[in-house]
Structures are given as C-alpha cells and as structure tokens.
Number of protein chains: 2
Amino acid sequence: MAIRNNTATTIVGRTNRLSPRTSMKIGEVSQESGVGVEALRFYERSGLLGRPARSQSGYRLYDEAVLERLAFIRKAQFLGFSLDEIRHIISDAEKGASPCDNVRGIVRRRLAEVSERIKELQRHHRELTRTLEEWDEVGRAPGNICGLIETTEMQNPSPAAGRVVQKKLRKNGL
Amino acid sequence: MAIRNNTATTIVGRTNRLSPRTSMKIGEVSQESGVGVEALRFYERSGLLGRPARSQSGYRLYDEAVLERLAFIRKAQFLGFSLDEIRHIISDAEKGASPCDNVRGIVRRRLAEVSERIKELQRHHRELTRTLEEWDEVGRAPGNICGLIETTEMQNPSPAAGRVVQKKLRKNGL
DNA sequence: CTTGACTCTATACGCGACTTCAGGGTTTAT
DNA sequence: ATAAACCCTGAAGTCGCGTATAGAGTCAAG
C-alpha cells in the first residue's frame with residue numbers, strides 16, 4: 001500500500017523541495033500531487049499533460065513542471081472548469097494566446113449559472129418544505145399510489161419537467 | 001413531425017377529455033404526457049409502467065390510467081426522486097403497503113441534501129466572485145498558462161479537491 | 001533469486017436517464 | 001398503390017471523470 005520514494009532517498013523522505021527531482025516516476029507524481037496514477041495516465045491520454053520522457057524500460061519520467069500543471073488543473077477544476085475547457089485553455093496558452101479573457105468570460109458565465117442554480121434549489125427547497133407541511137396537515141391523503149405525491153402540485157407543470165430538471169443539472173454539474 | 005390523433009377524430013382534435021380513449025398508441029401517450037416514446041418504452045423495461053395490452057400487430061395499447069401513472073412519475077421526479085426510488089414506491093403501493101411514511105423519510109433526507117447543496121453552491125459563488133474581483137484588480141497576472149487561474153487560491157487545498165467536487169455533485173444531481 | 005512494490009498497455013466498467021441505431025413490420029392518407 | 005408516418009425489438013451509445021481489471025514487464029532489497 002505505502003508508496004516508497006525510491007529516487008529521492010537522500011535526506012528527506014517525502015516532499016523534498018531542496019532537491020528538485022528532475023525525473024519522477026508516476027507514483028511519485030501521484031504522491032506529490034494527490035492525483036491518482038490512473039488519473040495521471042488518463043490526463044495524458046486526454047491531452048492535458050503532454051507526453052513525458054520515458055526511461056529505457058518505458059516508465060514515464062516527469063520533471064517538476066508537471067506538478068505546476070497539475071496544480072493548474074486542480075485549481076481550474078475547483079473553479080468549475082471541465083477537463084475539456086481546461087484542455088482548450090492550455091492549448092490556447094501553448095499557441096501563445098493569452099486565454100485569460102476567455103477564462104474570465106467562462107467564469108462570469110459560470111457565476112451566472114451558479115446563481116441560477118442556487119435560485120432553483122431554493123425554490124425546490126421551499127417546494128419540498130411546503131410539501132412536507134401539507135403532508136403533516138393532511139395526515140394521509142387519498143390516492144392510488146402515494147397520495148402524498150399525487151396531491152403535490154408542481155410549480156412548473158410543463159411536460160416532462162422532471163426529465164429536464166434531472167438532465168440539465170447533471171450536465172452542468174451544478 | 002406533427003403527431004396526429006388518429007383514434008379520437010371525434011370533435012376535439014387534441015386533448016379530448018370528453019371521450020376517454022380506452023386505447024391509445026404509444027405516440028398519443030407521448031403527446032399527451034410529454035414523455036418521449038423511447039422514454040415510455042424505457043420506463044416499461046424499468047418496471048415503472050407494467051405491461052400494456054397489445055394490438056394484434058403488437059402495438060402497445062394504453063388506457064388512460066397510464067397518464068396518471070406518468071403524472072405520478074413526473075411529480076416524483078420533480079420532488080427529486082430517482083427512477084429507482086419511484087419504482088420502489090410504486091411496488092410498495094401495489095403490494096398494498098402505503099409507501100407514504102417511506103416517502104416522507106426520503107423527502108426529509110432530500111431536503112437536508114438540498115440545504116447542504118445550496119450552502120456549497122453559495123460558497124462556490126463567493127469563491128468565483130472573489131476570484132473575478134481579484135482578477136479585475138490584478139489586471140493581468142503573470143503565469144505560464146493563465147495567470148488568473150494560477151494565482152487563484154483554493155479554499156480547500158486538499159489533494160484532488162477538484163475531483164471530489166466534480167464527482168459528488170454530479171452524483172447527487174443537485 | 002525471489003518477492004513484492006512498482007510500472008506498462010489496452011480494455012471495460014460505473015453512474016442516471018434516457019437516446020440512437022439497425023433492421024425490420026403496420027397503418028393511414030392521398 | 002405507394003409513401004409517409006407510425007410502431008416493434010434489442011443492443012449500443014451518450015455525458016464526465018475517472019476507476020478497475022487483466023496480463024505482462026521492471027526494479028530494488030533481503
């Protein structure tokens with residue numbers, strides 16, 4: 001289980017910032033970054049990391065830059081960017097274009113989405129609360145399957161509201 | 001594209017409540033309920049609808065009850081139930097047990113989840129807003145890929161925070 | 001020299017609620 | 001009579017972000 005640090009057996013066992021390892025194997029990178037080994041390979045396949053050097057036996061050899069790249073990815077994810085968006089940002093940057101304006105726009109849009117989503121959830125919260133209160137009053141409502149649900153009024157009775165709800169939320173990850 | 005109402009060519013063209021169609025084909029049910037044809041078959045496979053009668057040629061023939069069932073499903077979805085939960089509720093009801101207590105519990109739990117989710121999103125909203133403000137002050141920050149993101153501080157700098165965030169949100173569909 | 005921890009590739013699986021496809025048969029309108 | 005529009009089944013694909021598995025090679029320590 002425990003991952004051994006086998007190149008940097010110098011003085012400090014773990015995260016040793018004093019000796020910048022010029023070539024880390026994937027497990028070390030995983031250890032340092034907190035990103036799983038499989039995820040690292042997945043990122044590489046997805047074009048987020050570029051192809052690292054290889055040892056004679058084919059092992060990936062990373063230099064420290066990858067840690068910054070991973071930190072970048074994590075921060076961007078934290079801000080709500082999808083891996084796809086992140087990939088675009090990186091490739092813009094590598095083409096020399098500053099992606100920052102673009103990024104700013106995305107963040108602004110996401111901010112609007114989050115606001116919207118919060119409002120929806122608050123509405124939903126009120127709806128659920130109201131429903132529970134109604135149920136408490138009614139006790140046991142009549143109905144074929146579950147009177148509680150059947151007597152529930154939807155605020156948005158457009159066809160297939162449920163489908164839409166479930167779907168777009170999952171899609172935006174909000 | 002336009003779906004024609006072919007059994008109820010009586011007086012009213014569309015939703016004709018005066019002549020209860022005892023047998024609707026799947027397209028009509030779709031039309032009336034707003035649930036897609038494929039979704040209807042999917043619900044049937046998933047055990048949410050039971051097996052409808054069939055015409056000689058194998059077409060599904062629904063009676064009006066299916067519309068109530070679908071309304072039930074939509075409302076339950078609207079309240080945040082998964083199709084799996086809905087299936088359980090229905091099967092409880094068909095066994096004669098009143099699922100309402102169960103349902104009440106689920107709603108209460110979901111209410112708690114929604115509250116939690118709202119809090120998370122509000123935090124996220126503050127985070128995004130703060131970030132945008134910082135960016136506006138800084139103008140153009142230095143950095144390799146996108147200074148804006150690189151200079152962003154994460155409030156929760158635990159490893160792989162992003163992964164966790166993205167994942168559980170998608171999971172709860174909240 | 002063996003063991004066990006590590007690495008490699010390629011492929012499949014997981015979630016949830018559907019949608020799409022392939023390859024038919026049926027009904028209805030003109 | 002024919003074409004459009006509907007219906008059938010069963011399987012596979014979609015979305016995002018990885019995780020898990022299988023089968024094999026590599027490396028360091030005891």
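- In this structure B/Arg87 satisfies the side-chain hydrogen bond (donor to acceptor under 3.5 Å, both in side chains) test together with B/Asp84, sequence neighbours excluded.
- Phosphate proximity of C/dA5 to A/Gln31: absent, as no side-chain N or O sits under 4.0 Å from OP1 or OP2.
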*Please walk me through it: do A/Leu83 and A/Gln77 pass side-chain contact (heavy atoms from CB on, under 4.5 Å)?*
CA-CA 7 Å; A/Leu83 292 184; A/Gln77 272 190 316; 3.6 Å; yes
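- Within the helix from C/dC15-D/dG16 to C/dT30-D/dA1, the inter-axis angle between the opening and closing five-pair segments is 50°, rounded to 10°.
- One atom, CD of A/Glu85, and another, C1' of D/dC15, lie 14 Å apart when rounded to the nearest Å.
- Straight-line distance from the CZ atom of B/Arg74 to the P atom of C/dA17: 16 Å, rounded to whole Å.
- In this structure, CG of B/Leu48 is placed 14 Å from P of C/dG16, rounded to the nearest angstrom.
- Across every non-hydrogen atom of B/Asp63 and B/Met24, the tightest pair is O-CE, 3.9 Å.
- Annotation: C/dT9 and D/dC15 have their P atoms spaced 26 Å apart (nearest Å).
- Straight-line distance from the CG atom of B/Asp84 to the C1' atom of C/dG16: 10 Å, rounded to whole Å.
- For A/Leu49 and D/dG18, the CG to P distance is 11 Å, given to the nearest whole Å.
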Can you pull every protein N or O that's under 3.5 Å from an N or O on nucleotides 23-25 of chain D?
residue, atom, partner, partner atom, Å
D/dG25, N2, A/Tyr59, OH, 2.7

Cut-off 3.5 Å, no hydrogens considered: what does the side-chain donor-acceptor table look like for residues 44-54 of chain A, sequence neighbours left out?
residue, atom, partner, partner atom, Å
A/Glu44, OE1, A/Arg60, NE, 2.7
A/Ser46, OG, A/Phe42, O, 2.7
A/Arg54, NH1, A/Gly58, O, 2.8

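- Two different hydrophobic clusters hold B/Leu61 and B/Val66 under the rule that ILVMFWY side chains link at heavy-atom gaps under 4.5 Å.
- Across the P atoms, C/dT11 and D/dG16 are found 22 Å apart, a figure rounded to whole Å.
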Give me, pair by pair, the N or O atoms of the protein and of nucleotides 9-13 of chain C that are less than 3.5 Å apart, along with how far apart they are.
residue, atom, partner, partner atom, Å
C/dT9, OP1, A/Arg54, NH1, 3.2
C/dT9, OP1, A/Arg54, NH2, 3.0
C/dT9, OP2, A/Arg60, NH1, 2.9
C/dT9, OP2, A/Arg60, NH2, 2.7

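- Between A/Val29 and A/Leu70, the closest side-chain pair of non-hydrogen atoms falls below 4.5 Å.
- Using modelled atom types, no side-chain atom of A/Glu68 and backbone atom of A/Ala65 make a donor-acceptor pair closer than 3.5 Å.
- Of the possible polar contacts, none joining the A/Ser30 side chain to the A/Ile26 backbone as a donor-acceptor pair under 3.5 Å is found.
- Looking at heavy atoms from C-beta onward, A/Glu38 lies in side-chain contact with A/Arg41 at the 4.5 angstrom threshold.
- When the C1' atom is used for both C/dG14 and D/dG13, the distance is 15 Å, rounded to whole Å.
- Residues passing the salt bridge (Lys or Arg N to Asp or Glu O under 4.0 Å) test with B/Arg108, sequence neighbours excluded: none.
- Residue A/Leu61 is the one, among B/Phe42 and A/Leu61, whose nearest nucleotide of DNA chain C lies closer to the 5' end (criterion: closest heavy atom).
- Taking atom NZ of A/Lys25 as the reference point, atom C1' of C/dT7 lies 7 Å away to the nearest angstrom.
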*Could you go through the salt bridge (Lys or Arg N to Asp or Glu O under 4.0 Å) check for A/Glu28 and A/Lys25 one step at a time?*
CA-CA 6 Å; A/Glu28 296 175 81; A/Lys25 285 189 290 185; 5.9 Å; no
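- The CG atom of B/Leu83 sits 10 Å away from the P atom of C/dG16 (whole-angstrom rounding).
- At least one donor-acceptor pair closer than 3.5 Å links the side chain of A/Ser115 to the backbone N or O of A/Leu111.
- A straight line from CG of B/Leu70 to P of C/dC18 spans 11 Å, rounded to a whole angstrom.
- Distances shown here put a side-chain N or O of B/Tyr43 below 4.0 Å from the OP1 or OP2 atom of C/dC18.
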